[in-house]
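Written out below as structure tokens is the structure these notes cover.
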Amino acid sequence: MKLGEQIRTIRNKENLSQEQLGQKMDVTRQAIYKRESGKGYPDIQNLIKLSELFEISIDELIKGASLYQSKIKVKGGTGMFSNRNF
């Protein structure tokens, strides 16, 4: 399932309109529509807000949304685990 479909499914399960979710997220109804239709993607702060609002992990929210996963970039490789040998 794509991220937008997951947002729509959870929103409907919580009996929220796009307008109501937008108000809770401090974004417009149009922004919610764009996210649900795959025409836009939430930034990390809004992913955190969605996960807190819906009481699910970010992993649960984006899992299976391969289109969105490909847009997440990890910079560097100089982090704490960069020298591990597996």
Side-chain angles (χ1 to χ4, degrees):
M1 184 181 299
K2 294 181 181 177
L3 178 62
E5 293 170 352
Q6 290 179 331
I7 294 171
R8 182 182 314 115
T9 299
I10 297 168
R11 177 181 60 78
N12 287 332
K13 183 179 174 186
E14 296 294 324
N15 295 314
L16 293 171
S17 67
Q18 289 179 338
E19 181 73 31
Q20 291 168 322
L21 179 57
Q23 289 172 349
K24 290 180 182 289
M25 297 286 303
D26 295 322
V27 298
T28 64
R29 178 200 55 80
Q30 291 85 352
I32 300 300
Y33 166 79
K34 284 181 181 180
R35 292 168 186 172
E36 289 183 355
S37 65
K39 295 178 182 177
Y41 299 95
D43 60 19
I44 191 67
Q45 286 87 7
N46 282 311
L47 282 173
I48 292 168
K49 281 184 183 180
L50 282 168
S51 73
E52 290 172 349
L53 179 67
F54 294 143
E55 297 179 346
I56 60 173
S57 70
I58 292 174
D59 183 53
E60 289 175 286
L61 189 59
I62 64 172
K63 191 169 187 142
S66 58
L67 179 64
Y68 189 69
Q69 290 171 354
S70 68
K71 293 180 180 294
I72 298 173
K73 305 243 186 285
V74 178
K75 293 183 179 180
T78 59
M80 182 168 149
F81 302 110
S82 63
N83 295 326
R84 284 193 172 175
N85 293 320
F86 289 100

task = Show the numbers, then the answer: is there a side-chain contact (heavy atoms from CB on, under 4.5 Å) between Phe54 and Leu21?
result = CA-CA 10 Å; Phe54 294 143; Leu21 179 57; 4.0 Å; yes
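With sequence neighbours excluded, no residue satisfies side chain to side chain contact (heavy atoms under 4.5 Å, CB included) with Lys13. Checked against side chain to side chain donor-acceptor pair (under 3.5 Å), Glu36 has the following partners two or more places apart in sequence or in another chain: Arg11, Gln18. Evaluation of the side chain to side chain donor-acceptor pair (under 3.5 Å) rule for Asn12 yields no partner, not counting sequence neighbours. Every residue two or more places apart in sequence or in another chain that forms a side chain to side chain donor-acceptor pair (under 3.5 Å) with Ser17 is listed here: Gln20. Scored by the side chain to side chain donor-acceptor pair (under 3.5 Å) test, Glu14 finds no partners at all (sequence neighbours excluded). Listed by chain and residue number, Ile58 satisfy the side chain to side chain contact (heavy atoms under 4.5 Å, CB included) test with Ser51 (two or more places apart in sequence, or in another chain).
Rounded to the nearest 0.5 angstrom, Leu50 CG and Leu61 CG are separated by 5.5 Å. The distance from the CD1 atom of Ile44 to the NZ atom of Lys49 is 13.0 Å, given to the nearest 0.5 Å. Between Asp43 atom CG and Ile48 atom CD1 the span is 9.0 Å, to the nearest 0.5 Å. Between the CG atom of Leu53 and the CD1 atom of Ile10 there is a distance of 9.5 Å, given to the nearest 0.5 Å.
Judged by distance alone, with hydrogens and angles left aside, the side-chain atoms of Glu60 form a donor-acceptor pair with the main-chain N or O of Ser57 at under 3.5 Å.
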N/O donor-acceptor pairs under 3.5 Å from side chains in residues 23-35, not counting sequence neighbours:
{"residue": "Thr28", "atom": "OG1", "partner": "Gln30", "partner atom": "N", "Å": "3.4"}
{"residue": "Thr28", "atom": "OG1", "partner": "Ala31", "partner atom": "N", "Å": "3.0"}

